[in-house]
Amino acid sequence: MARPFPVLLKSVDLWYTLLWRMCITPVRGGSAGGLGLVGPNWEVQVSKATMLRNVPLFAGLSDQALEDLASSLGRRTFAKGMIIFHKGSPGQTMYVVESGKVRIFTLSETGQEVTLNVYGPGDVFGEFSLLDGLPRSAGAVAMERTVTRTLHRDHFFQHLEASPSMAKSIIEVLTARLRFTTEHAESLAFLDVYGRVAMRLVDLAGRYGTEKDGIELDLHLTQAELATWVAATRESVNKVLGTFRDQGLIAVEGQKITILDLEGLERRIVY
Ligand code: CMP
């Protein structure tokens, strides 16, 4: 279906808010309400564009470029625990997390797992294979119900040619990833297990924490998974968390960790 108002749609967010309230919701609900100008297909286009506006990778794009990009996106939803892809599988697609969380991991031949990172709303993953055409460098698993938008490499390169600002943004994404990996390698080499766990908690608090009597981290990250991220056993992570709890730095309730003293945790990260 052709998109209505292609020229007038300069401020996607404003139109989105107005039209969602005035006519899209009734159309979606199947009632006869609304203006009758828009259909479900356009609803998807606009909500995708609105979502993309909050993705740092696409921050420099014009409204029109963003809309064009939105029309190339697919959508995939993963239930908690579902493997999105395995390391070594062919990959032509990059994923943008719309909601939920994804854990990136590798497995050794003997089944030992290493967690590389956790991504949430606004983050992208799968960009390596999209860029170089090689198999997936790591696996990805949904930590909770996760909705993603997918971008095929052919479309990505088309948009890259049309919008040079995207080249700058993808370089920034890759540089951030390299910096993160360098810091992580340093932490494994120079910090004890207390420092490594503290570093991950401080990092996760900054990215995904919500202020609620402290900084709440409800990531569905098990202690065993956290252990695979800090190169420790589950038992030692459990001991570290117990020590931090006794020291009043954190509170632990099942998989939920609340950071009570962020500065105190930061003081544990001593190189
Ligand atoms: P790709 O290789 O296509 O699929 C696996 C994805 O995991 C990869 O793209 C990146 O998005 C992500 N990834 C790979 N290695 C790392 C790493 N060391 N740190 C963070 N993310 C990674």
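Note that ligands are numbered from 1 as they come in the structure, with each ligand's atoms numbered from 1 the same way.
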For this session: For atom 6 (C) of ligand 1, grab the closest protein heavy atom and report residue, atom and distance to one decimal in Å.
Result: Gly126 N, 3.9 Å

Exercise. Can you list the atoms of ligand 1 that are under 4.0 Å from a heavy atom of Phe125?
Worked result: 11 (O)

Exercise. Does the pair Arg200 and His184 meet the rule for a side chain to side chain donor-acceptor pair (under 3.5 Å), with working shown?
Worked result: CA-CA 9 Å; Arg200 275 297 59 88; His184 186 55; 3.1 Å; yes

For this session: Could you find the nearest protein heavy atom to atom 12 (C) of ligand 1 and give me its residue, atom name and distance?
Result: Ile104 CG2, 3.9 Å

For this session: Write out the residue and atom name of the closest protein heavy atom to atom 21 (N) of ligand 1, then the distance separating them to 0.1 Å.
Result: Tyr119 OH, 2.7 Å

Exercise. Identify the closest protein heavy atom to atom 16 (C) of ligand 1: which residue and atom is it, and at what distance?
Worked result: Leu116 CD1, 3.9 Å

Problem set entry | Heavy-atom neighbours of Asp213 CG exceed 12 at 6.0 Å | no

Seminar exercise, completed: In this structure, atom 15 (N) of ligand 1 is nearest to the protein heavy atom Phe128 CE2, 3.7 Å

Problem set entry | Heavy atoms of other groups near Arg145 CZ, more than 12 under 6.0 Å | no

For this session: Indicate yes or no: at least one non-hydrogen side-chain atom of Leu174 is less than 4.5 angstrom from one of Leu131.
Result: yes

Exercise. How about Tyr95 and Tyr119: are their ring centres within less than 6.0 Å of each other?
Worked result: no

Exercise. For Gly91, is the nearest heavy atom under 4.0 Å from an atom of ligand 1?
Worked result: no

Exercise. Where's the contact between Tyr95 and ligand 1, heavy-atom distance under 4.0 Å: side chain, backbone, both or neither?
Worked result: neither

Problem set entry | Residues which pass side chain to side chain donor-acceptor pair (under 3.5 Å) with Gln247, listed by chain and number, not counting sequence neighbours | Arg268

Exercise. Among His86, Glu127, His184, whose heavy atom sits nearest atom 10 (C) of ligand 1?
Worked result: Glu127

Problem set entry | Candidates His159, Gln158, Arg149 - the one meeting side-chain hydrogen bond (donor to acceptor under 3.5 Å, both in side chains) with Ser72 | His159

Problem set entry | Phe85 contact mode with ligand 1 (heavy-atom cut-off under 4.0 Å) | side chain

Seminar exercise, completed: Min over Ser129, Gly88, Ser137 of heavy-atom distance to atom 14 (C) of ligand 1 lands on Ser137

Exercise. Can a donor-acceptor pair be found between the side chains of Thr150 and Arg76 at a distance below 3.5 Å?
Worked result: no

For this session: Can you sort out which atoms of ligand 1 are near Thr181, meaning under 4.0 Å from one of its heavy atoms?
Result: 18 (N), 19 (N)

Problem set entry | Salt bridge present between Glu172 and Lys168 (N-O < 4.0 angstrom) | yes

Problem set entry | Arg103, Arg136, Gln92, Met94: member with heavy atom nearest to atom 4 (O) of ligand 1 | Arg136

Seminar exercise, completed: Under 4.0 Å from one or more heavy atoms of Arg177, ligand 1 contributes atoms 11 (O)

